[in-house]
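Read the structure below first, then the notes.
Every value quoted in this text rests on a predicted model; they were computed, and no experiment measured them.
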There are 2 protein chains.
Amino acid sequence: MTFQVDTHRMGVNIASPAGASLAGLTHVALSVYQANSEVYGQGEPAGSLYIVEFGCVRVGRFTSDGRRYVVGFCFAGDVFGWESDVVHDFFAEAVEISGIRAVRPGRANDAPAKLLPLMLKSLRRFEQHLIVLRGTRVDERLAAFLCQLSERQDGESLVQLPMPRSDIGDYLGVSLETVSRILRRFKDRGIIRTPDTHSVEILDWQRLQNLCSA
Amino acid sequence: MTFQVDTHRMGVNIASPAGASLAGLTHVALSVYQANSEVYGQGEPAGSLYIVEFGCVRVGRFTSDGRRYVVGFCFAGDVFGWESDVVHDFFAEAVEISGIRAVRPGRANDAPAKLLPLMLKSLRRFEQHLIVLRGTRVDERLAAFLCQLSERQDGESLVQLPMPRSDIGDYLGVSLETVSRILRRFKDRGIIRTPDTHSVEILDWQRLQNLCSA
DNA sequence: ACTGCAAATTGACCAAAGTCAAGGGTGGCT
DNA sequence: AGCCACCCTTGACTTTGGTCAATTTGCAGT
């Protein structure tokens, strides 16, 4: 369930996190997606890039045997949709209510020049994910995940986790029960505090960083 | 220990796997690296891209606690070096004797246009790695690794594994002993055959694919 | 062919995480 | 307010894979 917002009526939003880098690329329309609604489905025809204005999007994939995995979470300013051929190899869904612009790169000469830095940023996200996934122990992965989320949320100690535990598990390659258990262990050790299920306050940066050892 | 080869003396090698896509980018020099020699080190100043002409390169990283992990293997035609900021966050080493061209993207207008497709290919490699790492069980990861290697080697059933078991382990996030054990299990089940330590013949594609379930 | 070293295999044991299952909280809907 | 559905937490048991250690294999150099 999505509805269109007329871009012209909104004017050029300089404050928008992605506005600058996307300016002049092409037809940019903002859609607002409700929680758990689909941006695109695995197998659908592709062609656009998407940039998150607000909210959170999970990009993932179903394996042939029905398991699901999440390759990334995108927050305000993040671009997704590269991970696609002629058809989408992945799906993208809003985690919470989210605003997303669809971008169709034009044939203009300078399009590649504008796309390159965006792509580099996406590449960095992939790298980060690799680092997270590579941690042998799950507590390392979760620690790295929390650190990176905090980093992407301006280094705040109070980290928002809009996604359910199952998403985190599917992102880290871990069962959702284990996510819950590790969080408990962190709490017991005084490393974090969980004011509510969807936010984590980092109390002891030092020990959390040590756990990552990336 | 590396030595320079004069590019002009070699002429334009149309048959070179990367020649076409790199033509006109900039100063391209071919260096030949002996097995286990360093292309660049973690922490060194960066600035170039590299393209493999022949051989195999591992790109990796040391964690602060001394463990090593491998983020990718590059074969003929693959580009690496994106994974770097002003200094290299990663190291790159030749696995076996390898020919590598260093490329300094110029300021030319069309440089981004040439780089974009190369980068997209690198992005795909990252995706593939993510898929491999995501497999919960190790036999899935190894199966996926073998399938992807075969794919990158023209779909041959006889797959070359120039890298040692420790590299494979560090790539899959698994101990080298486990790599060895899983290979044995595959052999016992008649899925593969290992004519020698550095090559694997895939005997039963069907069951190997089923194991990946990517 | 012989020696010596590095890489690979294999085994025994142990710790970590998955699975299955039961219970508890929370927010949305009527 | 009350009900229901979904998500999260926690526990018991089982499987998987890591670690340490002992061989074995394969290869380079003489």
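- Whole-Å rounding puts the A:Leu142 CG to D:dC8 P distance at 13 Å.
- Nucleic acid contact class of B:Val174 (heavy atoms, under 4.0 Å, all strands): sugar-phosphate only.
- Residue-level contact check: A:Gly173 touches the backbone only, with heavy atoms under 4.0 Å from sugar-phosphate atoms and none from bases.
- Taking atom CG of residue A:Leu172 and atom P of nucleotide C:dA17, one finds them 12 Å apart after rounding to whole Å.
- Atom pair B:Arg137:CZ and D:dT15:C1' shows a separation of 10 Å (rounding to whole Å applied).
- With D:dT10, D:dC8, C:dT10 as the candidates, the nucleotide lying closest to the side chain of A:Arg165 is D:dC8.
- Residue A:Arg185 has its side chain nearest to C:dA17 when only D:dT16, C:dA8, C:dA17 are considered.
- Among the protein residues, B:Leu183 comes within range of no part of the nucleic acid, since none of its heavy atoms lies under 4.0 Å from any strand.
- Side chain A:Arg181 to base C:dT19: a donor-acceptor pair is found below 3.5 Å.
- Put simply, NE2 on B:His198 is 14 Å from C1' on C:dT9, counting in whole angstrom units.
- Using a 4.0 Å cut-off between charged side-chain N and carboxylate O, A:Lys187 and A:Glu201 make no salt bridge.
- A straight line from CG of B:Asp196 to P of D:dG26 spans 9 Å, rounded to a whole angstrom.
- Between A:Glu127 and B:Phe90, some side-chain heavy-atom pair lies under the 4.5 Å cut-off.
- Judged by the 6.0 Å distance and 45° axis criteria, B:Arg152 is not positioned over the aromatic ring of B:Phe75.
- For the pair B:Asn36 CG and C:dA6 C1', the computed distance is 11 Å after rounding to whole Å.
- Listed candidates were D:dC8, C:dA8, D:dT16. Nearest to the side chain of B:Pro164 is C:dA8.
- Residue-level contact check: A:Ser175 touches the bases, meaning some heavy atom is under 4.0 Å from a base atom.
- Of the candidate nucleotides D:dT9, D:dT10, D:dG18, D:dG18 has the atom lying nearest to any side-chain atom of B:Thr178.
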(message) Run B:Arg134 and A:Tyr69 through side-chain hydrogen bond (donor to acceptor under 3.5 Å, both in side chains) and show every step you take.
(response) CA-CA 8 Å; B:Arg134 244 319 313 267; A:Tyr69 66 98; over 6 Å; no
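- Put simply, OG on A:Ser48 and CD1 on A:Ile100 are 12.0 Å apart, with the number rounded to the nearest 0.5 Å.
- The CD atom of A:Glu177 sits 10 Å away from the C1' atom of C:dA17 (whole-angstrom rounding).
- In this structure, A:Ile182 atom CD1 and D:dT10 atom P are separated by 13 Å, rounded to whole Å.
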